[in-house]
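To start, the structure itself, in structure tokens.
Residue numbers count from 1 along this sequence.
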Amino acid sequence: MSTVEIKIKGYHLDLFGRVSNQRFLDFLEDALWGYLDSIRLSYDEFAKRGVFLALVNINVNFRAPSFLGDVLIVETGIDRIGNRSITVKQKIFNKKSQQIILDAEAVYVIVDKASGRSVPLDNEMRQMWLE
């Protein structure tokens, strides 16, 4: 599991003064790439293999709003690794109050750049996801 801390700034807010739903999705993606960097699965590693990571499904439960100045913690971890997919669970909570802001489950596949089709995870990549 990895964690990322984000301080809410004005440009994160929507017209109602809350963090916009779209911005939360950006936070989740940023945290995923931070997680991947921590396990040595950087963009360069995918490029070297001629593949990319594709989001195929995401379910987000928005539980509470967040506002200017809040400090959020994004937790990211692997829930399941299948033959062709990886399920990632993430949670964002308010650092001060510990209130859960949202929880999410996302499913990714590894796609071959040349064919555009998903490919099975080889043993080496599977092990990298598990570290």
If we only count heavy atoms from C-beta on, is the [X] to [Y] side-chain gap below 4.5 Å?
X: I92; Y: I73; answer: no
X: I78; Y: I86; answer: yes
X: V71; Y: E5; answer: yes
X: I101; Y: N94; answer: yes
X: V88; Y: Y35; answer: no
X: I8; Y: L13; answer: yes
X: L72; Y: F93; answer: no
X: I110; Y: R84; answer: no

From [atom1] ([X]) to [atom2] ([Y]), nearest 0.5 Å:
X: E75; Y: K91; atom1: CD; atom2: NZ; value: 4.5 Å
X: I58; Y: E29; atom1: CD1; atom2: CD; value: 9.0 Å
X: I100; Y: F62; atom1: CD1; atom2: CZ; value: 14.5 Å
X: E105; Y: R80; atom1: CD; atom2: CZ; value: 10.0 Å
X: K96; Y: Q99; atom1: NZ; atom2: CD; value: 13.0 Å
X: M128; Y: M125; atom1: CE; atom2: CE; value: 7.0 Å

Work out which heavy atom in [X] is nearest to a heavy atom in [Y]; give both atom names and the distance.
X: F46; Y: L41; result: CE1-O, 3.5 Å
X: A104; Y: V60; result: CB-CG2, 4.0 Å
X: K113; Y: V51; result: CE-O, 3.8 Å
X: A31; Y: S2; result: O-OG, 4.4 Å
X: G10; Y: L68; result: N-CD1, 3.4 Å

Please list, chain by chain and in numerical order, all residues satisfying side-chain contact (heavy atoms from CB on, under 4.5 Å) with K9, sequence neighbours excluded.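 K7, Y11, H12.
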Partners passing side-chain contact (heavy atoms from CB on, under 4.5 Å) against F67 (at least two apart in sequence or in another chain): R18, P65, D70
Is there a path of hydrophobic side-chain contacts, each under 4.5 Å between heavy atoms of I, L, V, M, F, W or Y residues, that connects L36 with L130?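 Yes.
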Cluster overlap Y108 with W33, hydrophobic side-chain contacts below 4.5 Å: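 Yes, Y108 connects to W33 through the hydrophobic network.
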Spell out, as yes or no, whether a donor-acceptor pair under 3.5 Å connects the side chain of Q90 to the backbone of L28. yes
I'd like to know if the side chain of D37 and the backbone of R40 have a donor-acceptor N/O pair within less than 3.5 Å.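 No, D37 side chain to R40 backbone: no donor-acceptor pair under 3.5 Å.
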Do N57 and N59 meet the criterion of a side-chain donor-acceptor pair at a distance under 3.5 Å?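 N57 vs N59: donor-acceptor pair found between side chains.
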Step-by-step side chain to side chain contact (heavy atoms under 4.5 Å, CB included) determination, I81 to L121: CA-CA 9 Å; I81 298 179; L121 278 79; 3.9 Å; yes
Taking ILVMFWY side chains as joined if any heavy atoms are under 4.5 angstrom apart, and letting links pass through other members, which residues group with V56? F52, V107, V109, V111
Salt bridge (charged side-chain N to carboxylate O under 4.0 Å, His left out) pairs, two or more places apart, involving residues 53-65: R63-D103
Salt bridge (charged side-chain N to carboxylate O under 4.0 Å, His left out): which pairs involve residues 114-124, sequence neighbours left out?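 Output for this query lists R49-D122, R49-E124.
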Tell me, please, which residues at least two apart from D26 pass side-chain hydrogen bond (donor to acceptor under 3.5 Å, both in side chains).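 Scan of D26 (side-chain hydrogen bond (donor to acceptor under 3.5 Å, both in side chains), adjacent residues dropped) gives Q22.
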